[in-house]
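Beneath this line is the structure, given in structure tokens, with notes to follow.
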Amino acid sequence: ESEALENVRNVSHVMFTEDFVAGVRELNRKTGLHLEPIHTRKTGYKAEISDAGMARLREKLSEEYDFIEKVKSSLPR
């Protein structure tokens, strides 16, 4: 087990960009705060990446993808 995964397990809230709004809502519920999700750096640009390019990126970032999956699977449901 990695030190990074152990550290993630010791924080009180984890959220992911793909579920940003839901993450902010859950943080508000846990803390009693009234934060509003703001997308200040959101862009309409969509990069076109070939299948081969995506495969290469996934390979180069495989450790990061594995870590994210471990984090997600270790969170309480």
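When reading the values below, keep in mind they use all heavy atoms of this one structure, side chains included, and skip hydrogens, waters and symmetry mates.
F20 and L33 fall within the same hydrophobic cluster, where Ile, Leu, Val, Met, Phe, Trp and Tyr residues are linked whenever their side-chain heavy atoms come under 4.5 Å apart, directly or through other members. V21 is not connected to F16 by any chain of hydrophobic side-chain contacts under 4.5 Å among Ile, Leu, Val, Met, Phe, Trp and Tyr, and they are in different clusters. L75 and L27 are not part of a single hydrophobic cluster, where members link through side-chain heavy atoms under 4.5 Å apart. At a threshold of 4.5 Å between side-chain heavy atoms, the hydrophobic network of Ile, Leu, Val, Met, Phe, Trp and Tyr places Y65 and L57 in two separate groups. There is no path of hydrophobic side-chain contacts, each under 4.5 Å, that joins L61 to F67.
Here the CD atom belonging to E26 is positioned 11.5 Å from the CG atom belonging to D19, to the nearest 0.5 angstrom. We find the NZ-NE2 distance between K30 and H13 to be 5.0 Å, quoted to the nearest 0.5 Å. Here CD of E36 is found 10.0 Å from NE2 of H34. Values are rounded to the nearest 0.5 Å.
Atom CG of N7 sits in a crowded spot, with more than 12 heavy atoms from other residues, nucleotides or ligands closer than 6.0 Å. Around atom CD of E63, no more than 12 heavy atoms belonging to other residues, nucleotides or ligands sit under 6.0 Å away.
Under the 4.0 Å criterion applied to side-chain N and carboxylate O atoms, E59 and R56 are not assigned as salt-bridge partners.
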